[in-house]
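These notes concern the structure reproduced below.
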2 protein chains.
Amino acid sequence: MTPGTPTSLWLIEDNTTFRSSVARGLERTGQFVCSGSFSSAEQALEMIQAGNPPQAVLIDVGLPGMDGIEAIQILRQQLPKAGLIVLTVFEDEEKIIRAICAGAQGYLLKTAPVSEIAAAIEDVLAGGSPMNSRIARRVLEVFSRLVPVKKDYGLTSREQEILQQMVQGHIKKEIAVQVGVSIHTVNTHMRNIYDKLQVNTVNGAVAKALKERLV
Amino acid sequence: MTPGTPTSLWLIEDNTTFRSSVARGLERTGQFVCSGSFSSAEQALEMIQAGNPPQAVLIDVGLPGMDGIEAIQILRQQLPKAGLIVLTVFEDEEKIIRAICAGAQGYLLKTAPVSEIAAAIEDVLAGGSPMNSRIARRVLEVFSRLVPVKKDYGLTSREQEILQQMVQGHIKKEIAVQVGVSIHTVNTHMRNIYDKLQVNTVNGAVAKALKERLV
DNA sequence: TGACAATTCACACCATCATGTGAAATGCGT
DNA sequence: ACGCATTTCACATGATGGTGTGAATTGTCA
């Protein structure tokens, strides 16, 4: 990046001291110019109307007033071309997930040094998604929970097939027709499934199947 | 990390030249010792039986023979305590996702310098998930598409509570005791839940609750 | 205060499920 | 050829679930 083309930034952060500190640190590199500095999301959103959009936005999700997640959603809509980086203390899993789903492209901790923040901004604008690795771990955990590794309870293919039908909300009678066997057979398979999964109700089996992605 | 406690590593990579190069580079730091160096996943899996498991594994997913994804799954099961880092060329999205779902905790490009690989290993063992930022971007994109939007079926708090109990595999009688109401009340709530979720069996409700993260 | 949602409880009927018990056919590997 | 797992089917009984119907209480909001 040549000194002649600094990247324009917005900072949204209620802690004025911290905000100024980051702004000064980033500007000192010569790579950035802070064209907006706001203590609330509302202020930043007003500024959008005035034009002159930034190339990247650093936003704290623990803001007073408007919910940080909501702010990210709106910024993503209003500034589709801008890089959007969340700068935060270590949040709970749910908040991280929601921020990502809202459209955040980077996720850094406030403890990150200015050099790391600067690198992250460039990274986001180059098509990457810099993330603190501990946050990344959380993301991957949730991610793989959505599609976890199949545990092996030794279910046979027929048992898996019937369990899958159960997960789809069908009752035994329907499954019998669907699979093409008698209801007695379905009954027997269900018993064996219960034994193998160590449950004793349909809902227990369905819950276990979905939680552990057995089907 | 003191020089007296090097981290034991396995490298699984079919390109012998590259593998040796990485091994030498990592050992030269004094932080690591390559206790295993394999050109196929099969070889590594055999070694597991012999005991002496590594603290971390670097694996290429573009291996000949056994599918790299499958290898990761088995390694994750057999070496649950080991850090598992994928070292690869830039793969297609589907492969990245599957590797992560299989249990990979880090995802680096083969072009990464040894210093970055070394840092990544330490990072994984410290509870992080270092990822190349371009790969992270791909993950976030899929992620934000994959995570279901929490639909609002207008379940009341009591209904949510009872649905949650159902998901845990309890039967109505048990729920009545647990929640502290009569079984008739549980019955009524379940009816309303069925109406709202548009299902008519427990397993249907449980399935919907888990699939759409209602509980 | 009156409308409305949420929560609670009750009875009854039939459907469905869980479980004990028994048995037969098939296929696979040793 | 023999054992073993898988899959199939059957009968029976008590427990549990699903649904129609009705009603009382509580709290909230207009």
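Chain identifiers are assigned alphabetically (A, B, ...) following the order of the sequence lines, protein sequences preceding nucleic acid strands; residue numbering begins at 1 within each chain. In what follows, every heavy atom counts, from backbone to side chain, and hydrogens, waters and symmetry copies are set aside. All of these numbers come straight from a predicted model, not from anything done at the bench.
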Quick one: list whatever passes side chain to side chain donor-acceptor pair (under 3.5 Å) with A:S133, sequence neighbours left out.
-> B:D123
For B:Q178, what residues pass the side-chain contact (heavy atoms from CB on, under 4.5 Å) criterion, not counting sequence neighbours?
-> B:Q165
To 10°, what angle do the rotation axes through the five end pairs on each side of the helix from C:dT1-D:dA30 to C:dT30-D:dA1 form?
-> 50°
Counterpart residues, side-chain contact (heavy atoms from CB on, under 4.5 Å), relative to B:S157 (two or more places apart) = none
Outermost DNA chain C nucleotides near chain A [under 4.0 Å, heavy atoms] = C:dT16 to C:dT21
Between N or O atoms, less than 3.5 Å apart, protein on one side and nucleotides 28-30 of chain D on the other: list the pairs.
none

Who are the side chain to side chain donor-acceptor pair (under 3.5 Å) partners of A:R191, not counting sequence neighbours?
-> none
Listed by chain and number, what are the side chain to side chain donor-acceptor pair (under 3.5 Å) partners of A:Q55, not counting sequence neighbours?
-> none
Could you note down all residue pairs passing salt bridge (Lys or Arg N to Asp or Glu O under 4.0 Å) where residues 159-182 of chain A supplies at least one of them, sequence neighbours left out?
-> A:R158-A:E161, A:E159-A:K196
Which residues, if any, of residues 181-196 of chain B bring a heavy atom under 4.0 Å of DNA chain D?
-> B:N187, B:R191, B:Y194
Check side-chain contact (heavy atoms from CB on, under 4.5 Å) between B:N203 and all other residues, then give those that pass, not counting sequence neighbours.
-> A:M166, A:V202, A:V206, B:T201
Go through the structure and list residues passing side-chain contact (heavy atoms from CB on, under 4.5 Å) with A:T185, not counting sequence neighbours.
-> A:V181, A:S182, A:H189
